[in-house]
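Within every chain, numbering begins at 1; the chains are lettered A, B, ... in the order of the sequence lines, protein sequences first and strands thereafter. Treat the numbers as computed from the prediction; the structure is a model and nothing was measured.
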Protein chains: 2
Amino acid sequence: METILVIEDDPRIQKALTRQFAAEGYTVHVSQDGDAGMAAVFAVRPHAVVLDLMLPGLSGREICKKIKSEMNEIPVIVLSAVSEVADKVLLLELGADDYVTKPFSPRELLARVQAAIRRNQRSASKPSLSMETYSFGNIVVNFTRMDVLKEGTYVILTAHEFKLLRYFIEHAGHAVTREKLLNEVWGYQNYPTTRTVDNLLLRLRQKLEPDPANPVHFQTMHGIGYRFEPQPATVRQ
Amino acid sequence: METILVIEDDPRIQKALTRQFAAEGYTVHVSQDGDAGMAAVFAVRPHAVVLDLMLPGLSGREICKKIKSEMNEIPVIVLSAVSEVADKVLLLELGADDYVTKPFSPRELLARVQAAIRRNQRSASKPSLSMETYSFGNIVVNFTRMDVLKEGTYVILTAHEFKLLRYFIEHAGHAVTREKLLNEVWGYQNYPTTRTVDNLLLRLRQKLEPDPANPVHFQTMHGIGYRFEPQPATVRQ
DNA sequence: TCCCGATTGTCATTTCTTTGTCAGAATGTA
DNA sequence: TACATTCTGACAAAGAAATGACAATCGGGA
């Protein structure tokens, strides 16, 4: 799904926009000020940026220019009071793709953001969930053959193990609770002990981890659940 | 067929809207004032609500907020005079799906109501997520990964620490008492010593503050509690 | 301004919770 | 029935939270 970065310091607007965009299925990122916002642009690479012109830290104008000069492909929609953009020329100079003046209708903003994303959609290619193989570390998972290749030798997974692995791969990098796993992998009607999840995890680790005693791909989130990490943490900077 | 609830006290508008929507095949319910309107929302569970902002009884603003907080899936289209929505924040806070300013074209209203219903049906199946990351200072909080990036390195938070952080972010800039935190973060039935809160705060500061000895983001409110400040105080006006 | 009591910061220790791991029982399947 | 798979319970190990003690700090009143 598309991601939207909202750079806005007013918590009320933050909340309102988050709810609005989330309800439409977008993944929302929020930055509190200009500097954090600029960092988030690079970290998140959103499909669109909604930018308040009046910001603490780096000013909205500077951010807009910077995004446009360094990552021109990301559309920027500016929020501004009428007085702030007396003439549209200024906005165009900034390089903004579109703008909405306050007060604005949430619907209108959404429409403009969607339009901007659509206009920009030339390079978009979603990762498909019906992929044939997926590899991480020294593992190659083959979804059609339903088997796993580890360092050149085949590892046999049971049906449950494979289903769990697939779930993790589809939610790579997300912290997931045991309850979530029980629901998604086992099915809503099953409610075995939580030890069941641990057991399956244990076996996945033993079969797939380079060193099962020190798991790097299947991380424990104490008090929460587990998280699948295609790249071990040490690789991340 | 779809049902529409019209909350509006002007009999002429009532009649006009009723005729209009009925002609399009909708089942129309009309409420005279705010209280009746709120009751009708629960009783009828309409596919859309057309809501006048200026109402006797419960104000239109309150109704809108209430519907959105308790039955977010019902789209609300607000009728308002231009002067009533001068404040951008107000409009956003209400959470209305769309709005039409008086005087309005009946056709336009109809189109917007239909669009809202259609949108709602499309998105009804999608799970609504909230924000994925929130950034402030040199911190990026990732809610799905359940971790924090500080100046390029990952900081591990415990489940409680993360919950507290989330609460602070959701209440940025608000002073909160220890009791409030104990209730919201620990749960209503728990009443550990207040030192517990201080301890967790200490750890949050040590993990997130640029200089834990001189906290800028997690401020102490002597005699009250704490306050999360996304921007260091000096930057604010 | 200075002092005193109240509030908060901090740390070490204890207590509690969660997770890892294993063995055996139960279940399903060929 | 025999086999593989999954579930359960037990216990150890790891991790997190709560507690209590004491120092540092703050704020209001003398």
Side-chain angles (χ1 to χ4, degrees), chain A residues 146-148 154-165 167-168 175-187 189-209 211-228, chain B residues 146-148 155-168 175-187 189-209 211-229 233:
Chain A
M146 293 272 275
D147 63 16
V148 172
Y154 283 95
V155 175
I156 310 293
L157 296 190
T158 68
H160 258 82
E161 287 164 359
F162 206 85
K163 207 172 168 189
L164 178 63
L165 176 59
Y167 185 85
F168 273 126
V176 286
T177 63
R178 285 182 177 64
E179 287 65 38
K180 188 90 184 157
L181 290 174
L182 284 170
N183 286 344
E184 302 289 329
V185 178
W186 275 258
Q189 60 280 33
N190 271 327
Y191 279 94
T193 315
T194 53
R195 235 88 289 284
T196 300
V197 179
D198 296 346
N199 270 306
L200 209 61
L201 238 301
L202 175 67
R203 269 179 289 141
L204 258 194
R205 281 175 174 163
Q206 286 171 341
K207 290 185 178 180
L208 301 183
E209 286 280 0
D211 173 14
N214 296 46
V216 290
H217 293 304
F218 301 93
Q219 299 180 346
T220 300
M221 307 287 292
H222 202 279
I224 298 163
Y226 297 95
R227 189 175 64 188
F228 170 63
Chain B
M146 297 271 262
D147 64 14
V148 171
V155 176
I156 309 291
L157 298 190
T158 68
H160 257 81
E161 288 164 0
F162 207 86
K163 209 171 168 190
L164 179 63
L165 176 59
R166 163 172 256 147
Y167 184 85
F168 273 127
V176 285
T177 63
R178 286 181 179 65
E179 287 66 37
K180 187 90 183 156
L181 289 174
L182 283 170
N183 285 345
E184 301 288 332
V185 179
W186 275 257
Q189 60 281 32
N190 273 326
Y191 279 94
T193 315
T194 53
R195 234 90 288 285
T196 300
V197 179
D198 296 345
N199 266 309
L200 208 62
L201 219 99
L202 173 67
R203 271 181 287 150
L204 258 193
R205 281 176 175 163
Q206 285 172 339
K207 289 185 177 180
L208 301 184
E209 286 281 0
D211 174 14
N214 296 49
V216 290
H217 290 124
F218 301 94
Q219 300 181 348
T220 301
M221 309 289 292
H222 199 96
I224 300 166
Y226 297 95
R227 189 177 63 191
F228 170 64
E229 202 65 59

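The two residues B:V216 and B:E229 have their closest heavy-atom pair at O-CB, 3.8 Å. Contact between A:G223 and B:A159 at its shortest, heavy atoms only, is O-CB, 4.2 Å. Minimum interatomic distance between A:Y226 and A:V197 (heavy atoms only, all atoms of both residues): CE1-CG1, 4.1 Å. Here the shortest heavy-atom pairing between A:A175 and A:M221 reads CB-CE, 4.2 Å. A pairwise comparison of heavy atoms in A:Q219 and A:R205 identifies C-NH2, 3.9 Å as the closest pair.
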>> Would B:V185 and B:F168 count as a side chain to side chain contact (heavy atoms under 4.5 Å, CB included) here? Give the steps.
In response: CA-CA 10 Å; B:V185 179; B:F168 273 127; over 6 Å; no
>> For B:V176 and B:E184: C-alpha separation, side-chain torsions, deciding distance, then whether side chain to side chain contact (heavy atoms under 4.5 Å, CB included) applies.
In response: CA-CA 10 Å; B:V176 285; B:E184 301 288 332; over 6 Å; no
> Does the pair B:L200 and B:K163 meet the rule for a side chain to side chain contact (heavy atoms under 4.5 Å, CB included), with working shown?
Replying inline: CA-CA 11 Å; B:L200 208 62; B:K163 209 171 168 190; over 6 Å; no
> Would B:L202 and B:F218 satisfy side chain to side chain contact (heavy atoms under 4.5 Å, CB included), going step by step from the backbone distance to the final call?
Replying inline: CA-CA 9 Å; B:L202 173 67; B:F218 301 94; over 6 Å; no
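A straight line from CG of B:D198 to P of D:dG20 spans 15 Å, rounded to a whole angstrom. In this structure, CG of B:L157 is placed 15 Å from C1' of D:dA17, rounded to the nearest angstrom. The CG atom of A:L182 sits 12 Å away from the C1' atom of D:dC7 (whole-angstrom rounding). Here the P atom of nucleotide D:dA17 and the CG atom of B:L204 are 11 Å apart, to the nearest Å. With rounding to whole Å, A:N199 atom CG is found 15 Å from D:dA4 atom C1'. Counting to the nearest Å, the P atom of D:dA16 and the NZ atom of B:K163 are 16 Å from each other. B:Q206 has its CD atom 15 Å from the C1' atom of D:dA17, to the nearest Å. The nearest whole Å value for the distance from the CG atom in A:L164 to the C1' atom in D:dT5 is 15 Å.
OP1 or OP2 of D:dT6 lies within a sub-4.0 Å distance of a side-chain N or O belonging to A:T158. Contact between the side-chain N/O atoms of B:W186 and the OP1/OP2 oxygens of D:dA17 is not found at any separation under 4.0 Å.
In this structure, B:I156 reaches neither bases nor backbone, as no heavy-atom distance under 4.0 Å exists between it and the strands shown. Among the heavy atoms of the strands, none lies under 4.0 Å from A:E161.
On the nucleic acid side, DNA chain C contacts chain A at distances under 4.0 Å to non-hydrogen atoms, with the end points of that region at C:dT18 to C:dC22.
Evaluated for a side-chain contact (heavy atoms from CB on, under 4.5 Å) with B:R178, the options B:L201, B:N183, B:D198 yield exactly one hit, B:D198.
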Do any N or O atoms of the protein come closer than 3.5 Å to N or O atoms of nucleotides 24-26 of chain D, and which pairs are they?
none

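In this structure, the helix from C:dT1-D:dA30 to C:dA30-D:dT1 shows an angle of 40° between the axis at its start and the axis at its end, each fitted on 5 base pairs and rounded to 10°.
Other residues, nucleotides and ligands place no more than 12 heavy atoms under 6.0 Å from the NZ atom of A:K180.
Contact of the B:L157 side chain with the B:R203 side chain is not registered, since no non-hydrogen atoms from C-beta on lie closer than 4.5 Å.
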